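Below, read A as the first sequence line, B as the second, and so on, with proteins coming before strands; counting in each chain starts at 1. It should be emphasised that the depicted structure is a prediction, and the values quoted were computed from it without experimental measurement.
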There are 2 protein chains.
Amino acid sequence: TLAAPAIAQENPKITWRLTSSFPKSLDTIYGAAETMAERVKAATDGAFEIQVFAAGEIVPGLQAVDAATDGTVEMCHTASYYYWGKDATFQLGTATPFTLNARMQNAWFIEGGGTDMLNEFYHSQGVHGIPCGNTGAQMGGWFRKEINTVEDLDGLKMRIGGFAGKILAKLGVAPQQIAGGDIYPALEKGTIDATEWVGPYDDQKLGFNKVAKYYYYPGWWEGGAALHSFTNLEKFNGLPKHYQAILTDASYFANASMLARYDVKNPGALKQLVADGAVLRPFNQTVLDACHEKALEVFAETSAENEMFKKIYDSQLAFAKEAYLWQQLSEYTFDTYMMLLQRAGKL
Amino acid sequence: TLAAPAIAQENPKITWRLTSSFPKSLDTIYGAAETMAERVKAATDGAFEIQVFAAGEIVPGLQAVDAATDGTVEMCHTASYYYWGKDATFQLGTATPFTLNARMQNAWFIEGGGTDMLNEFYHSQGVHGIPCGNTGAQMGGWFRKEINTVEDLDGLKMRIGGFAGKILAKLGVAPQQIAGGDIYPALEKGTIDATEWVGPYDDQKLGFNKVAKYYYYPGWWEGGAALHSFTNLEKFNGLPKHYQAILTDASYFANASMLARYDVKNPGALKQLVADGAVLRPFNQTVLDACHEKALEVFAETSAENEMFKKIYDSQLAFAKEAYLWQQLSEYTFDTYMMLLQRAGKL
């Protein structure tokens, strides 16, 4: 008999399932997994197919990483910080309050040792993570009343998760974990007083402006929230090396294109929200300072009890410190001048 | 005889040559082509190899696109705007003065129709372009004397190319086209009074701070200068579809990683330059306003005589207008607060 030609293994046929933490209606964030899967398929001439399932189709949205860890599915697409309850280090893969903006997050991932450092942790959890989407700096969310002082936060029932909730709890906020689809009725009924989600394009779809008028910024807890594709570690290690490379590049493509999609879709949504009565409000510096002070307490407390968290947080903070030193010059002043032009009607 | 198995064509062996417009010493910008080539090789299990040659090794730096067009090499890695003399539309692929920052440039490329629109033009020039690197907003360059008024620009001999040179010429600057390695002696001898290149990391290597003290920002002509990989159009069309996909994703990976590398390397270089005596100076608003006014003249003149230029420029400008509407909220205010923290020593 003839030996099977080695070449036949070049692009082996593989079909995987990926569970997303998001509904199909959020085409930006759900769409990133689809983009990644399409590009993997294109790069393998159709041989490596990743089937994308929306939240709840095969796995509940907030159990996506668990399903990838235990092998229910080969992959998931989710926000790492949804799993901060399992280990606080998960928070750092998505967004660390008052730390990195989207561009810095990517620089830290790719050239700052971030992805390797995070994978040291993710591998201990049974998954391999690759950046796969970013929202940019998020909005601070929708409030039924104005937040003019730190005291205005006291007693506020707000839908907000992860570390942001922990930080705000120190200022008297009662943070609530509520899935996307349940937020609107909770706000409408007054079960909660405020909510945050992402930004204009997604928020408009969820209709928050109809039940809470004040739209605050910035979302200091998410300067550039990153999504990841997570692959069951054993499955990832079992892939041919060139499939690992293809999966990685496809995820990074989706990482860039998701942010691009938000940047294209947010301006129009923002204009529409304002036309529909949303009132834009910046958090003032007193409020931001109080939140920052409490954030540092949370980071210190968590660092004291979690060595891996401390190692990664320290790396991010050191990176942000350096990065802002540089980005305050040309980046910031170019943008500042462009905004001056725009406000003067000269753009 | 046995028919050749179809599967043997899956990952055909291909070896190509790529000529870069940059010297190996600029590991950021030259490095982007190497990153792209490595990832193509990894994604094809070594079958598709792109050999990267530095500027001058086989083709002079500023003739890279010509060599890809005429088939001397299959590919090049360069800045599209080096070729604005052939057609002004080339300018728009890299950076359009007073228009897009790096993030917007990428959003416009990927989700704003930019890459497709540019390729309509590039295909007419015999090449297929894929974004493959970004410098971020560049510095405004090195000056031997301060620029406090518009009049200070009059008579200034400055190494600056493309549209920026055209714009500054309207304010009395004598723009000079000088290759990277020849700038330092020209500044030292006083043949020129000022020069721009990229930013701290590259500029330090070229030693400009030793012969010109004032380091200005922002480089309003390059809010986020993009590099491209260009492939001879016939060669690109002749690739198997999945190799086209692999080449595209690898270029986009290098697009992100080059910016990341600058973001990692620039802060340290900036600190060192300042320690060595560089004096940081912002262009004031009067100077920026005068440059912007002249930029609009150049855009209008070029648009009047070049339809493709007009189409693409109009698309970029419209995109910038929308994008700044959105980015002035959370992005800008998040960054602003982070810089306040840093200046207060709280970061």
Side-chain angles (χ1 to χ4, degrees), chain A residues 5 7-8 10-11 39 42-45 98 101 103-104 106-107 110-112 136-139 199 217-220 223 241-242 245-246 249-250 252-253 256-257 260-261 263-264 266-267 270 282 288 292 320-326 328-335 337-339 341-342 347, chain B residues 5 7-8 10-11 39 42-45 98 101 103-104 106-107 110-112 136-139 199 217-220 223 241-242 245-246 249-250 252-253 256-257 260-261 263-264 266-267 270 282 288 292 320-326 328-335 337-339 341-342 347:
Chain A
I7 212 162
E10 271 187 353
N11 282 341
R39 298 190 83 92
T44 57
D45 205 11
F98 294 112
N101 66 19
R103 175 156 150 191
M104 293 173 192
N106 284 328
I110 301 174
E111 291 280 334
Q138 297 194 4
M139 289 294 280
Y217 61 91
W220 46 261
K241 292 278 179 225
H242 68 294
I246 285 169
D249 287 3
Y252 272 107
F253 181 86
S257 73
R261 194 172 291 182
D263 283 345
V264 167
N266 274 327
L270 177 66
L288 289 174
H292 178 247
K321 216 165 160 171
E322 291 286 292
Y324 275 112
L325 197 72
W326 159 233
Q328 70 181 317
L329 294 187
S330 282
E331 286 303 328
Y332 189 77
T333 56
F334 180 86
D335 285 341
Y337 185 71
M338 292 304 292
M339 289 174 202
L341 284 180
Q342 189 183 51
L347 192 63
Chain B
I7 211 162
E10 269 188 356
N11 282 342
R39 298 190 83 93
T44 58
D45 205 10
F98 295 111
N101 66 20
R103 176 157 150 190
M104 295 173 191
N106 283 328
I110 301 174
E111 291 280 334
Q138 297 193 5
M139 289 292 281
Y217 61 91
W220 47 260
K241 291 280 178 222
H242 68 294
I246 284 170
D249 287 3
Y252 272 107
F253 181 85
S257 74
R261 194 171 292 180
D263 283 345
V264 167
N266 274 328
L270 177 66
L288 289 173
H292 178 246
K321 216 165 160 171
E322 291 287 292
Y324 275 113
L325 197 72
W326 160 233
Q328 71 182 317
L329 294 188
S330 282
E331 285 305 326
Y332 190 77
T333 57
F334 180 86
D335 285 341
Y337 184 72
M338 292 304 292
M339 289 174 200
L341 284 180
Q342 189 184 50
L347 192 63

Is chain B contacted by the side chain of A/Ser257, its backbone, both, or neither, given a heavy-atom distance below 4.5 Å? both

Tell me whether B/Asp45 is salt-bridged to A/Lys241, with the criterion being a basic N under 4.0 Å from an acidic carboxylate O. no

Under a 4.5 Å heavy-atom cut-off, does chain A meet the side chain of B/Tyr337, its backbone, both or neither? side chain

Which portion of B/Phe98 sits near chain A, non-hydrogen atoms under 4.5 angstrom: both

Between A/Met104, A/Glu331, A/Glu111, which has the largest tally of heavy atom pairs under 4.5 Å with chain B? A/Glu111

Checking B/Glu322 against chain A: side chain, backbone, both or neither under 4.5 Å from a heavy atom? both

Any side-chain heavy atom of B/Leu329 sitting closer than 4.5 Å to one from A/Leu270? yes

So, the part of B/Thr333 with a heavy atom under 4.5 Å from chain A: the answer is both

Can you tell which part of A/Tyr324 gets under 4.5 Å to a heavy atom of chain B, answering side chain, backbone, both or neither? both

Could you check whether any side-chain N or O of B/Gln342 sits under 3.5 Å from a backbone N or O of A/Lys321, counting only pairs where one atom can act as donor and the other as acceptor? yes

Pairs of heavy atoms under 4.5 Å with chain B: top-ranked of A/Ala107, A/Pro267, A/Ser330: A/Ser330

Do A/Arg103 and A/Asn106 come within less than 4.5 Å of each other through their side chains, counting heavy atoms only? no

Within the 4.5 Å heavy-atom criterion, are B/Trp220 and B/His292 side-chain neighbours or not? no

Applying side chain to side chain contact (heavy atoms under 4.5 Å, CB included), run through B/Tyr217 and A/Phe334 and close with a yes or a no. CA-CA 8 Å; B/Tyr217 61 91; A/Phe334 180 86; over 6 Å; no

